[in-house]
Structures are given as structure tokens and as C-alpha cells.
Trainee: 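Before we start, here is the structure in question, set down as C-alpha cells.
Every number for a ligand or one of its atoms is a count from 1 in the order of the listing. Because the structure is a prediction, the values reported are computed rather than measured.
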Amino acid sequence: MVNQPRRVRDQFAGRVWRVRALLVIADIGGYTKFMTVHRINLAHAQYVVAQLLESVIDAAAPKYELAKLEGDAAFFYAKLPDTPKEHELAAFSERIVKIRTAFIDRRAELEINRVCSCDGCVQASKLTLKFVSHLGEVALQKVKHFTELAGVDVITVHRFLKNSVTVPEYVLMSTPVFERLDPEMKVLAEPMKEHLEGLGEVDTHVVDLQKAVQRAGQATPSRLRAWLGWLKMTWRSLPYFLGLKKSCDGFKTLPAIQGREP
Ligand SMILES: [Zn+2]
């Protein structure tokens, strides 16, 4: 829809339609509460998370469309045919691995070419990526150039973010996702249960990504890249540093600084 001419796009404006869809949230975490609340730290944390989210979004495309950026998380969806098929999510594990690999590579690149020693930059190497996923029916509504997703399944996948999983990097999925997975990922999943606010107890299946995917970042150091990266970061951080924009708005990874001064 995004690439269609405006005349065609406008015909869909405001229209709501229902589709089966796979819903995936990729969520960055790992900043500790010990981060000093300082404008530079926060502006650089904002930049670091934006860089990592960019790598996640690039690796998710074109299969998964970005529905929304939600602070330090990205919400994706992939439309599915009306008739369910066995193993219809066979490419799911492959895509998760691809996204995670892109994240790890970008994180390694940021670390190896780091020239700043503020908390926002130093703690970047400790950041983690987790996924929650659900499959269900969603209502899509075209609003200007954006597609809004709504429905109880959209709420469910968001509720999965608050869970009892103790490992730092994982995929938590609902039973409909688990049932349609390829056998390779299925065998790695551990059954769990979550109590979701307003939705009750739900069966879940969790794959520990640190066990499932072993791959270190392959970045090589470069002085030029380091300084170009620093220039880019300084330029992009300027509006946050000057207080024209609010750093780290909606970042769940920084709970300690909620309610801070803008
Ligand atoms: Zn910094």
C-alpha cells in the first residue's frame, strides 16, 4: 500500500478491514537503573537505541511490516492467508535469527567504534533484544500514510511484554504461533503460563535465544568510522541535548528515569 500512487492510496483512506496476521514485537532492554540521569547520557542512549532499532527494522523487512515504533520497541505484523496451513510460520525462526544477528552486529559495531565514555554509550554493549509474538485477527485502518492495527490480539501481544521469563534474550510466543512453527524451533520451546492483565491465564512457549543462536558480532575497528559515528551521534543528539526533544520517551529499558525533567 505504501508504494501505491496517491490516487489509489486515497481510496483506502479510513477504510477498516480484518486480516489474519502474525504480530511480533522486538523489544530492546538492558540499560541499568544505575545510569546517571544526565542530558548527554540520555541523548546518547536515544541515539544508540535508534541505531539498534534501525538494524532491527531493516532485517525485518520486507516480510514484516513496521506497524509502530513504541519507545525502545518495534511492533511488526505480517499478513497471513485466510486459510491456516501447517508450518505456515516456517520462516519465522529464520527471520528472528536474521533480526537478532543484525542487532548483535550493530551493537558490536557501536562498541568497537565507540569514542564516548558516557553511560549511554558504555552500556550499549550490554543491551539485549527480546521478542514476543502472537497470531490472530486484527483490524487494519489506513490513516494518512500509516496503517493502524487494533483488536484484542494486538492487546494480547503487548501484554506479553510484561511476563515472568527470567532469561534476558528470548522469543515468547502464544500457542497459535507455536503450533505453526517449523519443527527446528518447536523443539527448543519451553512451555510456560502467563497471567495477562484483563485476559487471564494464557499458555505460552519460550525459546531462550542465547541457547538457540550462538553468534558473536563480526565488526572490525576503524578510526574513521568511529569519528564519523561520533559526528553523526553528536548531530542527531543535538535536539535532545538542547532540550528541544525529549530523550528516551517511552523507553521501558529506563524505568528509573520515568517522570524526569524533559
Ligand atoms: Zn555517549
Trainee: Between Arg20 and Glu137, does any NZ, NE, NH1 or NH2 come within less than 4.0 Å of an OD or OE carboxylate oxygen?
Mentor: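 No, Glu137 and Arg20 are not salt-bridged.
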Trainee: Looking at every non-hydrogen atom in both residues, tell me the closest pair between Ala78 and Lys63 and how far apart they are.
Mentor: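 Looks like CB-O, 3.7 Å.
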Trainee: Taking the Zn ion (ligand 1) as the centre, how many protein N/O/S atoms fall inside a distance shorter than 2.8 Å?
Mentor: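 Near the Zn ion (ligand 1), the number of protein N, O or S atoms below 2.8 Å is 4.
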Trainee: For a side chain to side chain contact (heavy atoms under 4.5 Å, CB included) with Ser93, tell me which candidate from Lys186, Lys98, Glu184, Met185 qualifies.
Mentor: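 Output: one option passes, namely Met185.
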Trainee: Does the side chain of Glu197 come within less than 4.5 Å of Arg159's, by heavy atoms?
Mentor: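 Yes, at least one pair of side-chain atoms sits under 4.5 Å.
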Trainee: Please write out which residues are connected to Leu244 in a hydrophobic cluster, directly or through intermediates, given that two of Ile, Leu, Val, Met, Phe, Trp, Tyr count as joined at side-chain heavy-atom separations below 4.5 angstrom.
Mentor: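 Reading the cluster by chain and number, Leu244 sits alongside Trp235, Leu238, Leu242.
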Trainee: Is the count of non-hydrogen atoms from other residues, nucleotides or ligands lying under 6.0 Å from Glu54 atom CD greater than 12?
Mentor: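 Check passes, neighbour count above 12.
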